[in-house]
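Beneath this line is the structure, given in structure tokens, with notes to follow.
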Amino acid sequence: MGRNATTAAKKIANVETKPLMGNEALARGAWEAGVRVAAAYPGTPSTEILESVSTFPKEDIVAQWSTNEKVALDVAMGASFEGVRSLSVMKHVGLNVASDALMSMTYIGVNGGLVIIVCDDPGIHSSQNEQDTRLFARFAMVPVLEPSDAEEALSYMSAAYDLSEKFDTPVIVRSTTRLSHTRSPVTLGERTEVARRDFDDNPQKNVMIPSHARIRHSTLIEREKNIAEYLETNELTRWEKADTSVGVITSSISYGYVKEVLPNASVLKLGGSYPLPEKKIRDFADSVDRVIIVEELEPAIENQLKIWNIKAQGKEFFSRMGELSPELVRDGFIKAGALPAEAGIADVFEIEPVPRPPVLCAGCPHTSSYMVLRQVEARVAGDIGCYTLAAVEPLRAIDTCVSMGSSIANAVGMAKSGVEEKPIVATIGDSTFLHAGIPPLIDAVYNEANITVMLLDNHTVAMTGGQDHAGTGKTLRGDETHRLNFEDVCRAVGVKWVQTVDSYDLGAMYKTLREAIDFKGVSVLISDRPCVLDPVKIKGPALAVIADNCTACQSCMNVGCPSISWSDEWFDGRHKVKIDTSTCVGCALCPQVCPSDAIQPLNRS
Amino acid sequence: MDKKITHKEPVNVLVVGVGGQGVIMVSKVLATICQEHGYQVKQSEVHGMAKRGGGVFSHVRFGEQVYSPTIPKGSVDVLLALEWAEALRWVNHIRPGEGTFISDTQHIVPPFACRNRKRGAEAGYARETSDQIISRVNKGFALDATTMARELGNERAANTVLLGLLSTTLEFSEDVWCDAISRFVPPKTVDVNLQAFEQGRAWAAMDHGTPEPVVHNDGPTPVVVGREEHEMSDFVQLDINPAWCKSCDICVKMCPERCLKLDDQLKAVLTDPDRCTGCRICEWLCPDLAITVHRTPEAARAAAQG
């Protein structure tokens with residue numbers, strides 16, 4: 001696995017290499033490893049993995065979107081029971097959802113190899129927290145592999161399946177946003193067809209009741225020891241002998257930063273952070289003057305070394321928060337005295353950067369939902385999706401956002417507290433509702449909560465780039481399938497008041513929301529319009545501002561539409577507005593709030 | 001003409017812009033060319049929120065061996081910016097005294113910049129001119145690539161104009177670039193993109209004074225009126241005659257600052273005087289003429305005296 005310049009160059013010259021995104025490499029790795037069944041729920045930064053798996057032939061591999069991560073993991077588990085290699089993919093917080101299955105599955109082990117790819121998001125580029133999956137792996141006693149680039153992302157998949165079948169365990173392959181979304185050259189291989197194993201007719205192993213689980217727990221502890229021993233000599237653990245004044249222990253993408261910043265140091269590159277090969281680490285520590293551990297987020301490796309009483313330093317130089325970078329790793333080594341302090345590079349320019357926060361798209365159907373919610377001054381329990389962007393000005397109409405599906409049960413609790421005077425509304429997207437919103441809706445009806453649920457149906461999983469789900473009538477591979485009807489589902493669980501409204505009709509939205517709030521009990525208002533970006537980009541005829549009519553009142557700026565900005569004209573000391581015709585999709589929300597009729601179809605203005 | 005970059009160390013190109021401008025396409029063209037010339041390439045970008053109007057950036061690094069997928073601050077050899085404020089956001093990442101700065105002078109003003117409701121407020125957008133930047137970097141190009149592309153018939157080819165400039169700073173031949181561009185742009189737009197590329201190269205070869213940043217408007221440059229009113233005071237006084245108010249709620253619903261309410265008696269009242277900007281929407285819309293907005297102390301006094 002040694003990778004110096006010459007071998008890298010040779011690879012490029014002789015073997016088929018292709019630049020692949022980390023996620024594409026993981027998918028390719030799964031296909032090459034002979035995986036038969038793959039299931040996932042989309043979530044940044046993991047989404048492209050299953051999309052990429054679905055580009056391989058149907059005959060080779062099943063690729064499906066599941067309703068949520070737990071379902072996806074259970075599907076993979078089922079395939080493993082039947083003796084074929086299976087895969088489940090999720091983002092870090094998805095593993096929380098799947099954890100109930102995982103914590104039993106680790107006791108059961110596998111028949112066909114089973115790998116869970118979990119993508120962490122250090123730096124919280126697009127998540128609600130930055131939990132470290134390596135700690136979860138330790139908790140579940142499931143080995144974790146951490147590739148450091150796309151090449152390893154591919155090769156580690158086969159290693160993971162070998163590990164899984166050799167030691168009868170599910171294996172987590174952990175990626176991070178940076179690895180998942182970095183493109184780098186990958187050596188392509190062929191698919192290995194793996195023979196199906198017979199179903200293991202063994203209730204003591206496959207049925208987790210107390211008497212079986214007690215026995216399996218001891219197997220688990222034995223397994224931990226065996227895997228650690230295997231990693232002592234396996235090529236997943238790599239000792240790069242060099243300058244011995246500093247020895248660095250690292251894994252994952254942090255390895256790249258270490259090589260960039262401290263190219264001459266001795267490095268013990270670990271294939272993963274759990275379990276750890278104790279003897280190898282001791283030998284490494286003995287061979288160098290001092291050990292520095294470089295790991296992103298939690299001190300997973302460092303804590304284990306402390307338990308073993310191996311002298312090492314880490315988190316005193318590198319933050320427990322956020323994403324590492326070459327700059328931060330350099331700073332850490334300077335702080336550690338492993339690099340000479342250097343004068344920081346002074347900024348040549350003193351420039352205050354223009355803030356450019358993400359916003360809801362021009363024509364986003366969520367916009368009107370939050371405009372009317374702000375109008376009725378509701379207490380709004382939000383949920384996970386693009387619409388969290390409505391938590392900030394100018395819409396500022398979301399009061400809470402916790403996790404997938406939390407909104408409805410949060411609203412139930414708000415109502416049951418008996419202290420809230422505002423109308424209580426839960427807002428939840430179509431896919432989030434399917435993912436984790438139905439049990440709390442049943443709870444709301446069962447416990448007779450007086451709440452309104454606004455179901456924001458934009459016909460796609462928008463936040464992650466427009467994936468299909470049970471409510472779109474299409475599968476991951478684009479085939480037609482049953483299309484779930486949201487009104488039917490709500491009525492079936494006992495909701496008596498259900499209405500669907502066109503999201504672009506502001507008046508109807510407002511009037512219907514008032515009716516829904518007035519209804520005593522659970523009411524569901526479905527705000528219905530397709531996302532303007534996915535699955536097809538919607539572009540209607542643009543609107544324009546009749547400058548003479550504009551009184552610069554800024555009402556339309558309250559829509560928060562990125563197509564509307566200030567023009568160079570003024571009225572009464574304030575900028576008039578203009579509409580960028582190239583990005584306006586003609587949703588016609590802004591003319592509905594313009595008090596002076598200044599916004600008209602382009603050809604009429 | 002220009003000195004080509006031939007470092008042994010990885011060459012670092014940072015491509016930045018706004019979601020939808022084609023940052024990823026530009027970096028893919030470059031990464032592909034490097035890959036096909038036997039370099040190891042890493043190209044790193046962050047998806048997710050970027051699509052929703054946020055800034056987008058893509059790190060491209062190539063060399064014999066590339067470890068870190070991101071470019072350390074102060075090590076950018078070429079900054080390629082598709083939008084002016086994004087160029088400024090990253091300009092300090094350029095290798096001091098060595099790097100090259102290439103930017104479109106196009107302004108994409110985010111809605112966030114147009115929030116200030118105070119009279120006379122300007123958009124919170126970059127004030128720096130291209131002269132100020134170009135004069136202080138080792139080598140700099142600032143050009144109105146968007147207009148150049150629009151005149152060629154496709155505004156979206158602006159990023160290819162900039163690729164033309166980029167091509168003059170790197171070692172790869174013109175043919176190689178044209179070939180890669182042809183593969184990455186939509187088939188119908190190959191011709192216009194190749195023309196845009198040539199224009200970019202031609203622009204780099206010419207000797208220019210640096211142009212001023214240009215604000216793109218949809219129409220002809222409008223006459224600036226009302227600016228003299230910046231000096232007007234922020235004085236606002238709202239008189240609401242409760243006897244005439246019939247609780248129709250129109251002013252409350254239409255107030256852009258959301259600072260009106262119906263009180264216990266269902267009469268309109270100003271709840272948050274600090275937020276009221278005196279825009280007069282309530283005065284104009286009130287069917288009962290119950291609201292008067294005074295914009296000077298004198299007017300307010302005169303009204304009080306009847």
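Each chain gets a letter, A, B and so on, in the order its sequence line appears, and its residues count up from 1.
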**Request:** Mind running side chain to side chain contact (heavy atoms under 4.5 Å, CB included) on Gln43(B) and Thr182(A) for me, showing each step along the way?
**Result:** CA-CA 5 Å; Gln43(B) 179 216 330; Thr182(A) 293; 5.9 Å; no

**Prompt:** Quick one: are Thr32(B) and Pro19(A) in side-chain contact, heavy atoms under 4.5 Å?
**Reply:** no

**Item:** Interface residue of largest heavy-atom contact number with chain B, from Ala552(A), Ser184(A), Pro326(A), under 4.5 Å
**Value:** Pro326(A)

**Prompt:** Hey, does Tyr257(A) have a side-chain heavy atom less than 4.5 Å from the side chain of Thr70(B)?
**Reply:** yes

**Contacting moiety of Leu88(B), where chain A heavy atoms sit under 4.5 Å** = both

**Request:** Side-chain contact test, heavy atoms from C-beta onward, threshold under 4.5 Å: evaluate it for Lys73(B) versus Asp347(A) and give yes or no.
**Result:** yes

**Asked** Can Arg61(B) and Glu260(A) be counted as an ion pair, charged N to O under 4.0 angstrom?
**Response** yes

**Message:** Quick one, Gln40(B) with Glu151(A), criterion side chain to side chain contact (heavy atoms under 4.5 Å, CB included). Give me CA distance, side-chain angles, the key distance, then yes/no.
**Reply:** CA-CA 12 Å; Gln40(B) 199 191 38; Glu151(A) 177 86 7; over 6 Å; no

**Prompt:** With a cut-off of 6.0 Å (strictly less than), are more than 12 heavy atoms of other residues, nucleotides or ligands near CZ of Arg514(A)?
**Reply:** no

**Item:** Which atoms of Pro263(A) approach chain B - backbone, side chain, both or neither, heavy atom under 4.5 Å
**Value:** neither

**Asked** To the nearest 0.5 Å, what is the distance between CD (Gln35(B)) and CZ (Arg183(A))?
**Response** 11.0 Å

**Request:** For the pair Asn92(B) and Val348(A), evaluate side chain to side chain contact (heavy atoms under 4.5 Å, CB included) and give the outcome as yes or no after the intermediate values.
**Result:** CA-CA 6 Å; Asn92(B) 279 322; Val348(A) 176; 4.0 Å; yes

**Request:** Would you mind checking which part of Arg330(A) comes under 4.5 Å of any heavy atom in chain B, side chain (CB onward), backbone (N, CA, C, O), both or neither?
**Result:** neither

**Request:** Enter the distance from Ile351(A):CD1 to Arg89(B):CZ here, rounded to the nearest 0.5 Å.
**Result:** 11.0 Å

**Item:** Glu350(A) portion near chain B, given a 4.5 angstrom heavy-atom threshold
**Value:** backbone

**Item:** Ile94(B), part contacting chain A, at a heavy-atom distance under 4.5 Å
**Value:** neither

**Request:** Pick whichever of Gln132(B), His59(B), Glu86(B) has the most heavy-atom pairs under 4.5 Å with chain A.
**Result:** Glu86(B)

**Prompt:** Lys253(B), Met254(B), Lys28(B): which one forms the most heavy-atom pairs within less than 4.5 Å of chain A?
**Reply:** Lys253(B)

**Prompt:** SG of Cys279(B) to CZ of Phe571(A): how many Å apart, nearest 0.5 Å?
**Reply:** 10.0 Å

**Asked** Is chain B contacted by the side chain of Val593(A), its backbone, both, or neither, given a heavy-atom distance below 4.5 Å?
**Response** backbone

**Nearest-0.5 Å distance, CD of residue Glu257(B) to OG of residue Ser555(A)** = 8.0 Å

**Message:** Do Phe349(A) and Val137(B) make a side-chain contact, defined as non-hydrogen atoms from C-beta onward lying under 4.5 Å apart?
**Reply:** yes

**Asked** Do you know which of Ala547(A), Ser565(A), Pro355(A) has the most heavy-atom pairs with chain B at a distance under 4.5 angstrom?
**Response** Pro355(A)

**Item:** Lys269(A), NZ: over 12 other non-hydrogen atoms inside 6.0 angstrom
**Value:** yes

**Salt-bridge contact Arg127(B)-Glu352(A) (side-chain N to carboxylate O under 4.0 Å)** = no

**Asked** Checking side chain to side chain contact (heavy atoms under 4.5 Å, CB included) for the pair Arg374(A)/Arg258(B): CA distance, chi angles, key distance, verdict?
**Response** CA-CA 10 Å; Arg374(A) 180 151 182 178; Arg258(B) 303 172 173 115; 3.1 Å; yes

**Fill in**
Answer key: most heavy-atom pairs under 4.5 Å with chain A among Glu155(B), Glu83(B), His93(B), Lys118(B) is Glu83(B)

**Prompt:** Contact part of Trp90(B) toward chain A, heavy-atom cut-off under 4.5 Å: side chain, backbone, both or neither?
**Reply:** neither

**Request:** Quick one: which of Ala85(B), Pro69(B), Gly97(B) has the most heavy-atom pairs under 4.5 Å with chain A, could you say?
**Result:** Pro69(B)

**Prompt:** Can you tell which of Cys114(B), Cys255(B), Ser68(B), Ser44(B) has the highest number of heavy-atom pairs within less than 4.5 Å of chain A?
**Reply:** Cys114(B)

**Request:** For atom CZ of Arg356(A), decide whether the heavy atoms of other residues, nucleotides or ligands shown that lie under 6.0 angstrom number more than 12.
**Result:** yes

**Prompt:** Pro45(A) versus chain B, heavy atoms under 4.5 Å apart: side chain, backbone, both or neither?
**Reply:** neither

**Asked** At what distance, to the nearest 0.5 angstrom, does CZ of Arg117(B) lie from CD of Gln554(A)?
**Response** 5.0 Å

**Message:** Looking only at heavy atoms and a cut-off of under 4.5 Å, which of Cys553(A), Gly22(A), Ser127(A) has the most pairs with chain B?
**Reply:** Cys553(A)

**Region of Cys561(A) that comes under 4.5 Å of a non-hydrogen atom in chain B** = backbone

**Prompt:** Non-hydrogen atoms of chain B under 4.5 Å away: do they reach the side chain of Ile253(A), the backbone, both or neither?
**Reply:** side chain

**Message:** Between Glu45(B) and Arg178(A), does any side-chain N to carboxylate O distance fall below 4.0 Å?
**Reply:** no

**Request:** Calculate, to the nearest 0.5 Å, the distance between atoms CZ and OG1 belonging to Arg280(B) and Thr551(A) respectively.
**Result:** 11.0 Å

**Request:** Would you check if His575(A) and Glu122(B) make a side-chain contact, meaning some heavy-atom pair closer than 4.5 Å?
**Result:** yes

**Request:** For the residue pair Val109(B) and Trp566(A), establish whether any side-chain heavy-atom pair is separated by less than 4.5 Å.
**Result:** no

**Request:** With a 4.5 angstrom heavy-atom cut-off, could you sort out which part of Ala123(B) is near chain A: side chain, backbone, both or neither?
**Result:** both

